[in-house]
Protein chains: 2
Amino acid sequence: MTTATVSSRHFILGLLAQKPMSGYDIKHFLKSLGWLIGSPSFGSLYPALHTLLRGNLVTVKVLLREGKPSRKIYSITEAGREALTEWINQPAKSSAPLKAFVMRLILADNFSPIGLTAYLQQRRAQVAAHHASLEKTGGAMDEEINLGQRLALDYGLALAFAELAWLDSTLNRLSQPLPEEVVQGDSVTSIV
Amino acid sequence: MTTATVSSRHFILGLLAQKPMSGYDIKHFLKSLGWLIGSPSFGSLYPALHTLLRGNLVTVKVLLREGKPSRKIYSITEAGREALTEWINQPAKSSAPLKAFVMRLILADNFSPIGLTAYLQQRRAQVAAHHASLEKTGGAMDEEINLGQRLALDYGLALAFAELAWLDSTLNRLSQPLPEEVVQGDSVTSIV
DNA sequence: TCACTCATGTAATTGGTTACATGATTAG
DNA sequence: CTAATCATGTAACCAATTACATGAGTGA
């Protein structure tokens, strides 16, 4: 019955599945994505790595380097890959916030090319539902709303709308995979 | 030096500043905003209310109702309002995630009409910086990126772009406040 | 009668941040 | 010589979720 939202530890595992890294590496990789995900503090990152290690989902190799501090490179194990696929394959729970969506997105294609489309479609349905419910609330609160509330609602609608647009165009692109150069065309931000 | 990110308790306080409510009310109001903010569980909501009460930032009145369960209506106190304005007025720290932005947005205009514009402009700068940094990372990772990472990046860019568009159009609207009907025009989602 | 909404709360546990501690190397 | 980056870690603390407990009323 373990409700499966352990995420962050699994996500780290997923990054290690792509290539072996040190805690420091992970931190900086995540940092480079800005606040799309937000990188965990070392205070949670290192313990997470230790936990994965205790569970035999990863292994470490210590890299001693002359003059420089030594690094601990973590690699995923077979058991780790299994645990990961299991996590990836269970459907994201519907109230999944932004972060969770992107986390899975980054990893999703590594573990089932078909699953990616399904995942995006699932997300589309959720965002659409969210959008609809915001619109409903917007209609319901006619009297006694203040500017802030109206703005927040409007903001939410705008972002949901933009996300839907992105999902549609992405799903579209994925369904017509031109053999050469699949996703290269850089600015897909063609909401214009 | 207390770094000021107590947020959630302050946010609840802010909601009570708009009108007296029960814990149940708060929960449902937040729920109506979908995952824009996400409503806290009762397990954190009620204790938060108790804490505010102990700090004399709010007062309670118990509403006994024949046949129906009684409700506890919380109202903000003068001390509460002071604490709140103080919180509202301190600048949002730059890594502020989505949630924090919307929380403040909902409350901001109640406590300084000028501050709202400043707040949006501040946000604009942050989002622009975020967008730029994503673009930089996108350029940097030419070799050995996988589809998921590319998609995540693209997604981030699209959303940041949409947010910038919303911020610009909103700042624009706010700067030309037609006396009648300030923000009524419902679909401002004119990114088209 | 069964399930659901209304309405409040507590306790156990998890997950995370902040702050602290260490220590070498490099760039200004 | 000072600050920053590289690199790892622990301990104290905080915030939040989950699960539990209670209890009345409403609608199928």
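Side chains included, hydrogens not; waters and symmetry mates left out as well; all remaining heavy atoms used. Letters A, B, ... mirror the listed sequences (proteins, then strands); counts begin at 1.
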* Asked: Considering only side-chain heavy atoms of Arg9(B), which listed nucleotide, dG9(C), dA15(D), dC6(C), is closest?
  -> dA15(D)

* **Donor-acceptor contact present, side-chain Asn172(B) to main-chain Asp168(B), <3.5 Å** => no

* Asked: So does Asp154(B) pair up with Arg173(A), basic N to acidic O under 4.0 Å?
  -> yes

* Asked: The side chain of Lys93(A) lies closest to which of these nucleotides: dT8(D), dT8(C), dT18(D)?
  -> dT18(D)

* Nearest-nucleotide pick for Pro40(A), side chain only, options being dT17(C), dT17(D), dT8(D) -> dT17(C)

* Asked: Going by an N to O cut-off under 4.0 Å, is there a salt bridge joining Asp25(B) and Lys19(B)?
  -> no

* Want to settle it: does Gly43(A) or Lys68(A) sit nearer the 5' end of DNA chain C, counting the closest nucleotide to each? -> Gly43(A)

* Value in whole Å for how far the C1' atom of dC6(D) lies from CD1 of Ile26(A) -> 16 Å

* Asked: To the nearest angstrom, how far is Lys31(A) atom NZ from dT5(D) atom P?
  -> 8 Å

* Assign each of Arg65(A) and Pro69(B) to its nearest nucleotide of DNA chain D by heavy atoms, then name whichever residue's nucleotide is nearer the 5' end. => Arg65(A)

* Roughly, in whole Å, what's the span from CZ in Arg54(A) to C1' in dG9(D)? -> 14 Å

* Asked: Can you check the Leu53(B) CG to dT8(C) P distance for me, whole Å?
  -> 13 Å

* Atom NZ of Lys27(A) and atom C1' of dA7(D): how far apart are they, to the nearest Å? -> 13 Å

* **Closest to side chain of Ser41(A), choosing from dT18(C), dT10(C), dT8(C)** => dT18(C)

* Would you mind telling me which residue lines up with the more 5' stretch of DNA chain D, Leu45(B) or Tyr24(A), judged by nearest nucleotide? => Tyr24(A)

* Asked: Is there a side-chain polar atom (N or O) of His28(A) under 4.0 Å from OP1 or OP2 of dA7(D)?
  -> no

* **Ser44(A) side chain vs Pro40(A) backbone, donor-acceptor pair below 3.5 Å** => no

* Would you mind reading off the distance between His10(A) atom NE2 and dG16(C) atom C1', rounded to a whole angstrom? => 18 Å

* Asked: With a non-hydrogen cut-off below 4.0 angstrom, is Tyr74(A) in contact with a base, only sugar-phosphate, or nothing?
  -> sugar-phosphate

* Taking the side chain from Tyr119(B) and the backbone from Phe101(B), do they hold a donor-acceptor pair closer than 3.5 Å? -> yes

* Asked: How long is the line joining NZ of Lys99(B) and C1' of dA15(D), in whole Å?
  -> 10 Å

* Would you kindly give the NE2-to-P distance between His50(A) and dT8(D), to the nearest whole Å? => 10 Å

* Asked: Can you check whether Ser70(A) has a side-chain N or O nearer than 4.0 Å to OP1 or OP2 of dA7(D)?
  -> no

* For dG9(D), does OP1 or OP2 lie under 4.0 Å from any side-chain N or O of Lys72(A)? -> yes

* Asked: dG9(D) phosphate, OP1 or OP2: any side-chain N/O from Tyr46(A) under 4.0 angstrom?
  -> no

* Does Leu116(A) offer a backbone N or O that forms a donor-acceptor pair with the side chain of Asp109(A) under 3.5 Å? -> no

* With respect to the side chain of Ser44(A), which nucleotide from dT17(C), dT8(C), dA7(D) is positioned closest? -> dT17(C)

